[in-house]
Amino acid sequence: VPADGRERSAEEWRTAARAFADREILPRNEEIARTERIPTPIRDGLARGGFMGLTVPQDLGGSSASTLAVVQVLSEIARGSAAVATLLSVHLSVACAPIVSWGTPEQKARYLPAMATGERLGAFALTEPGAGSDAGAIQTRFRREPEGFRLDGSKMFITNGGLADLLLLFATEDPVLGRKAVSAFLVEHGTPGLSVSQKLAKLGLDGSETTELVLDGVRLPADARLGPEGQGIRIALKALTDGRVGIAACALGVAEASLEELIAAARRSAADVHRARAARAYAEVLAARALVERAARTKDAGEPFVEAASAAKLIATRAAVDASNAAVEVAGFEGGLARSRASGLLRDARVFPIVEGTSEVQELILGRSLVGTR
Ligand SMILES: Cc1cc2nc3c(=O)[nH]c(=O)nc-3n(C[C@H](O)[C@H](O)[C@H](O)COP(=O)(O)OP(=O)(O)OC[C@H]3O[C@@H](n4cnc5c(N)ncnc54)[C@H](O)[C@@H]3O)c2cc1C
């Protein structure tokens, strides 16, 4: 909070996040890649800086920040490390925010204050080995029991899956009944029957934990369901639309870091063709920032933002891939080294078009909205 007690502006949040990324994250990138985990001082710093509570209301210990502030923070943190930004984006957009929107007063009071301070980390568990883009095809079952619910099944590609203290997890009463049979549940870490069956090695985002989870007779109390029965897919899709703006901001940060690398490499070579690559990437990155900020402002204005979110994710993730690819090429041999900054950015960038709705899914959403369905 600024000295005069008023709320921080989005620009002030951005400045704070940039300083944190420069001071605490960038110097630890090599350690993140080597250990494939996010060092404790970074987790602590995210908490101390107030970043973990951005989407939590002030009366529950957060800062009720605008979406514009969230995207400014995520893009600056991602400029430092895409893995750190992904941990934060998932916690803020698809764990805290749905509890704010759908939680009972008791659920909010139980979980949100500790999530806002960073004491507890959140995760979102929808995807399964056979259900990615088609979320309605999930097979993880819940059964009603006298005391509450019993869950059985598995979840795939879950960010923060083993680290999280709380999972927002989706299960169906009966897969043949389709989307209307899916409900959302809050599952605490350490609940008997919940385990991590594997940590997945990925193309990029070293340090962001991605896991497969198994649920074997997980018993939950009756008040563990989030939102009304049968509204799970609605809750998931709303969370993913919010999350899309966050992931677009993460991709934007990678695009901006890649542009810095590209310009530095082009200065070394001073070839006209490399100047042109830098110019093209510059224009694409500016366009991505404009779209990400526009999606955030549209959401903050309370207007429908589904199209703005999809357009921002489509373009920002493409800008990240294009700019990092150009940075690798322009740096030549050095860019191609496994541990070069440019190759690390390219590996990170390549993951973002897949998560929280692939590029094809964004095109489907936009296409249906623009052209209609028959
Ligand atoms: C690093 C990482 C982190 C992740 N974190 C999480 C997480 O925290 N929680 C979570 O629940 N999930 C998470 N996911 C899962 C992610 O959301 C899915 O990978 C994504 O939804 C795609 O699903 P899929 O992998 O099953 O691919 P599929 O849905 O099988 O798609 C394969 C290809 O087919 C295309 N395709 C699919 N359907 C259509 C269609 N109807 N029309 C046109 N093209 C189509 C896709 O675009 C894609 O190119 C994560 C994934 C990754 C890689």
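Starting from 1, each residue takes its place in the sequence as its number. Just the heavy atoms: all of them, side chains too, but no hydrogens, waters or symmetry mates, feed the values below. Just so you know, ligand 1 is whichever comes first in the structure, and atom 1 is the first atom listed for that ligand.
What sits closest to atom 29 (O) of ligand 1 on the protein, heavy atoms only, is Ser133 OG, 2.6 Å. Looking from atom 20 (C) of ligand 1 to the surrounding protein, the closest heavy atom is Ile354 O, 3.7 Å. Of the protein's heavy atoms, Thr127 OG1, 3.9 Å lies nearest to atom 16 (C) of ligand 1. In terms of protein heavy-atom proximity, atom 23 (O) of ligand 1 is closest to Gly132 CA, 3.2 Å. Taking atom 42 (N) of ligand 1 as the reference point, the nearest protein heavy-atom neighbour is Leu364 CD1, 3.5 Å. In this structure, the protein non-hydrogen atom closest to atom 7 (C) of ligand 1 is Phe157 O, 3.2 Å. The protein heavy-atom contact nearest to atom 53 (C) of ligand 1 is Val355 CG1, 3.9 Å. For atom 49 (O) of ligand 1, the nearest non-hydrogen atom of the protein is Glu360 OE1, 3.5 Å.
The 12-atom threshold is exceeded at CD of Glu31, counting heavy atoms of other residues, nucleotides or ligands nearer than 6.0 Å. Atom CZ of Arg294 is surrounded by 12 or fewer heavy atoms from other residues, nucleotides or ligands within 6.0 Å.
Note that atom 26 (O) of ligand 1 has protein non-hydrogen atoms nearby, at separations under 4.0 angstrom. Shown here, atom 33 (C) of ligand 1 is out of close reach of the protein: none of its heavy atoms lies under 4.0 Å off. For atom 1 (C) of ligand 1, a protein heavy-atom neighbour is present inside the 4.0 Å cut-off. Distance check on atom 13 (C) of ligand 1: some protein heavy atom falls below the 4.0 Å cut-off.
Although no hydrogens or angles enter the test, the distance criterion places a donor-acceptor pair under 3.5 Å between the side chain of Ser343 and the main chain of Ala338. Checking side-chain atoms of Thr191 against main-chain N and O of Val187 turns up no donor-acceptor pair under 3.5 Å. Between the side chain of Ser258 and the backbone N or O of Val254, at least one donor-acceptor pair lies under 3.5 Å.
Proximity of Val351 to ligand 1, defined as any heavy-atom pair under 4.0 Å, is confined to the side chain (atoms from C-beta onward). Contacts with ligand 1 closer than 4.0 Å are made by no heavy atom of Val94, backbone or side chain. Proximity of Thr159 to ligand 1, defined as any heavy-atom pair under 4.0 Å, is shared by backbone and side chain alike. Of the heavy atoms in Lys202, only side-chain atoms (C-beta onward) come closer than 4.0 Å to ligand 1.
Electrostatic pairing of Arg141 and Glu173 does not count as a salt bridge here, judged by no charged N lying under 4.0 Å from a carboxylate O.
Distance check, rounded to the nearest 0.5 Å: CG of Leu220 to CD of Glu147 gives 12.5 Å.
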> Please walk me through it: do Thr172 and Arg179 pass side chain to side chain contact (heavy atoms under 4.5 Å, CB included)?
Replying inline: CA-CA 8 Å; Thr172 175; Arg179 296 180 155 224; over 6 Å; no

>> Before you tell me yes or no, could you show the steps for Ser93 and Asp242 under side-chain hydrogen bond (donor to acceptor under 3.5 Å, both in side chains), namely the whole-Å CA-CA distance, both residues' side-chain angles and the distance that decides it to 0.1 Å?
In response: CA-CA 6 Å; Ser93 310; Asp242 283 4; over 6 Å; no

> Step by step, would you call Phe185 with Phe170 a ring pair (Phe, Tyr, Trp, His ring centres under 6.0 Å)?
Replying inline: CA-CA 6 Å; Phe185 296 91; Phe170 299 84; 8.8 Å; no

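Close approach to Ile158 involves these atoms of ligand 1, each under 4.0 Å from a residue heavy atom: 7 (C), 8 (O), 9 (N), 10 (C), 11 (O). Atoms of ligand 1 found under 4.0 Å from any heavy atom of Glu356 (numbered from 1 in listed order, with element): 17 (O).
Between Phe20 and Phe51, the ring planes lie tilted relative to each other; the angle falls in the 30° to 60° range.
The nearest non-hydrogen atom to atom 48 (C) of ligand 1, considering only Leu167, Thr86, Thr358, comes from Thr358.
With 3.5 Å as the limit, one finds a donor-acceptor pair spanning the side chains of Gln231 and Arg234.
Taking distance alone, with nitrogen or oxygen atoms compared against 3.5 Å, Leu126 approaches ligand 1 more closely than that limit.
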